[in-house]
Q: 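Provided herewith is a single structure, encoded as structure tokens, for subsequent inquiry.
Owing to the predicted nature of the structure, the values given are computational and were not obtained by experimental measurement. Order of the sequence lines sets the chain letters (A, B, ...), proteins ahead of strands, with each chain counted from 1.
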2 protein chains.
Amino acid sequence: MTDLPQQPPTPPRATRSDARTNRARVLAAASEALAESANASLTSIAKRAGVGVGTLYRHFPTREALIVELYHQEIQKVIDLAHDLAATRPPLEALRAWFQEVARYGQLKYGVAEVIHAATNGGLDDEHYGPFLGAIGALLDAGAAEGTLKAGTDPEDVLLQLSVLWRIPPGPGAADRAARILDLVTDGLRVRT
Amino acid sequence: MTDLPQQPPTPPRATRSDARTNRARVLAAASEALAESANASLTSIAKRAGVGVGTLYRHFPTREALIVELYHQEIQKVIDLAHDLAATRPPLEALRAWFQEVARYGQLKYGVAEVIHAATNGGLDDEHYGPFLGAIGALLDAGAAEGTLKAGTDPEDVLLQLSVLWRIPPGPGAADRAARILDLVTDGLRVRT
DNA sequence: GAACGTACCGGAGGCCCTTCCGTTTAGCAA
DNA sequence: TTGCTAAACGGAAGGGCCTCCGGTACGTTC
């Protein structure tokens, strides 16, 4: 159970330099291409990056993996926010506020959406998935400690419920609908008096 | 509101006979192919039916449309069940029982799953979507009348929440997980005392 | 039963996803 | 410098999705 930060034991060799630059070029190209059209093809991104498709796939096995990497920072912000809220606000309020933020981020860009999607598809490495679950767990635990939220809820179940947000068809009523659904989810998590 | 069976006013022309038989052949081929492998390609189904891909697409614009047609009867059963339960059982119990049934059907075959998916994707004609919403509405209304379920919940929102069930990765724990999530959803729909 | 308009057919074509493997090259060691 | 080797590259290949349009044949009308 020791969890101290220790030097990794110098793995056989480091990443080759061309691999690093290619990876960066793909990310840059993806950033541009996705800004122009949210559903740009991976083929076109590879071409734009001046790289073979194989190379793109080697670095990012799935479309989600690529997007998740792109929105890495925003995802981290959402995760951090959960811990902040859990620590500084009444649990129920914290949960509500965080849900709203998740919905907002997800609708705006869609890095968070992809994490959730990738997560529910089971195909995500722990680098983002774990912390995201941790964020939810922190909110749930705070509420459980206070007695307003059910104890023992599985964060993964909540994550799955949140994934519904990205399936709301876009349009005028979308925000309202998201709010309604979040209310339902929230009430489902609360302790019944 | 008259609902009498009346002669349709002879629309310009009837469907051509070859169209009807082709449609039937596609359905038959799809039934076989999907029994063998749940993700048989539309191309292969068309080939199996001895029909061009174009023909398949003309009759069933999307994969969901095809599957929904195949499981037409099972879907109808689920819809009927909702009305039965709403009429004969205490609302909360009815809701729970129906949710379980939906989960079961969805995991078994997956006609219902496709309806829900198609519905949330907005691409479904009213023939199945409307009744399905009506079924949910009946259950919600019964509960609202009794005072155990929130009044004014949008059936579409509930449908969307149910769609989560089909994203549970299959495996040993899947059934338990579905049950847990259905409990959360149910509690979200109940009136808070 | 012949002729015609149109509903319907079929599959080629364009695009995309994903894998696989022969070729290239970075980085280390002599 | 020169070799060497494994890491990384690139793109061809195989398969699927969906659209589009020239051709076919059903059903009707005379």
Q: Can you tell me if Thr186(A) uses its side chain to pair, donor with acceptor, with the backbone of Leu182(A) under 3.5 Å?
A: yes

Q: Identify whether any heavy atom of Thr15(B) sits under 4.0 Å from a base atom; if not, whether one sits that close to sugar-phosphate; answer base, sugar-phosphate or nothing.
A: sugar-phosphate

Q: The side chain of Arg63(A) lies closest to which of these nucleotides: dG11(D), dC17(C), dA8(D)?
A: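 Among the listed nucleotides, the one closest to the side chain of Arg63(A) is dC17(C).
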
Q: Using atom CG of Leu66(B) as one end and atom C1' of dC17(D) as the other, report the distance to the nearest whole Å.
A: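 After rounding, the reported distance stands at 14 Å.
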
Q: Please determine if a side-chain N or O atom of His59(B) lies less than 4.0 Å away from the OP1 or OP2 oxygen of dC8(C).
A: no

Q: So does Lys77(B) pair up with Asp80(B), basic N to acidic O under 4.0 Å?
A: no

Q: Quick one: is Thr43(B) getting a side-chain N or O under 4.0 Å of the dC17(D) phosphate, OP1 or OP2?
A: yes

Q: Strictly below 4.0 Å: does Thr55(A) bring a side-chain N or O up to OP1 or OP2 of dA8(D)?
A: no

Q: May I ask you to decide if Val78(B)'s main-chain N or O and Trp98(B)'s side chain share a donor-acceptor pair within less than 3.5 Å?
A: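 Looks like yes, one N/O pair under 3.5 Å.
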
Q: Between dA8(D) atom C1' and Arg25(A) atom CZ, what is the distance in whole Å?
A: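 The distance from CZ of Arg25(A) to C1' of dA8(D) comes to 14 Å, rounded to the nearest Å.
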
Q: Could you state the atom-to-atom distance from CG of Leu42(A) to P of dG11(D) in whole Å?
A: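 After rounding, the gap between these two atoms is 17 Å.
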
Q: If we count only N and O atoms by modelled type, under 3.5 Å, do the side chains of Asp157(B) and Gln161(B) hold a donor and an acceptor together?
A: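 No, Gln161(B) and Asp157(B) have no side-chain donor paired with an acceptor closer than 3.5 Å.
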
Q: Could you give me the CA-CA distance, side-chain angles and deciding distance for Leu165(B) and Phe99(B), then say whether side-chain contact (heavy atoms from CB on, under 4.5 Å) is met?
A: CA-CA 10 Å; Leu165(B) 292 176; Phe99(B) 276 1; over 6 Å; no

Q: Between atom CZ in Arg20(A) and atom P in dA7(D), what is the gap in whole Å?
A: 15 Å

Q: Between Gly52(A) and Asp18(B), which is nearer to the 5' end of DNA chain D once each is assigned its nearest nucleotide?
A: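 The residue mapped nearer the 5' terminus is Gly52(A).
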
Q: Grab the CZ-C1' distance between Arg16(B) and dG27(D) for me, whole Å please.
A: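 These atoms are roughly 8 Å apart.
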
Q: Of Tyr57(B) and Ser17(B), whose nearest nucleotide on DNA chain D comes first from the 5' end?
A: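 Closest to the 5' end, via its nearest nucleotide, is Tyr57(B).
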
Q: Do any side-chain nitrogens or oxygens of Asn22(A) fall under 4.0 Å of OP1 or OP2 in dC9(D)?
A: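 True: Asn22(A) side-chain N/O within range (under 4.0 Å) of dC9(D) OP1/OP2.
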
Q: Can you tell me how far P of dG14(C) sits from NZ of Lys47(A), to the nearest Å?
A: 14 Å

Q: Using only side-chain N and O atoms of Ser41(B), determine if any of them is under 4.0 Å from OP1 or OP2 of dG15(D).
A: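 So the side-chain polar atoms of Ser41(B) never come under 4.0 Å of the phosphate oxygens OP1 or OP2 of dG15(D).
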
Q: Could you give the CZ-to-P distance, from Arg58(A) to dT25(C), as a whole number of Å?
A: 14 Å

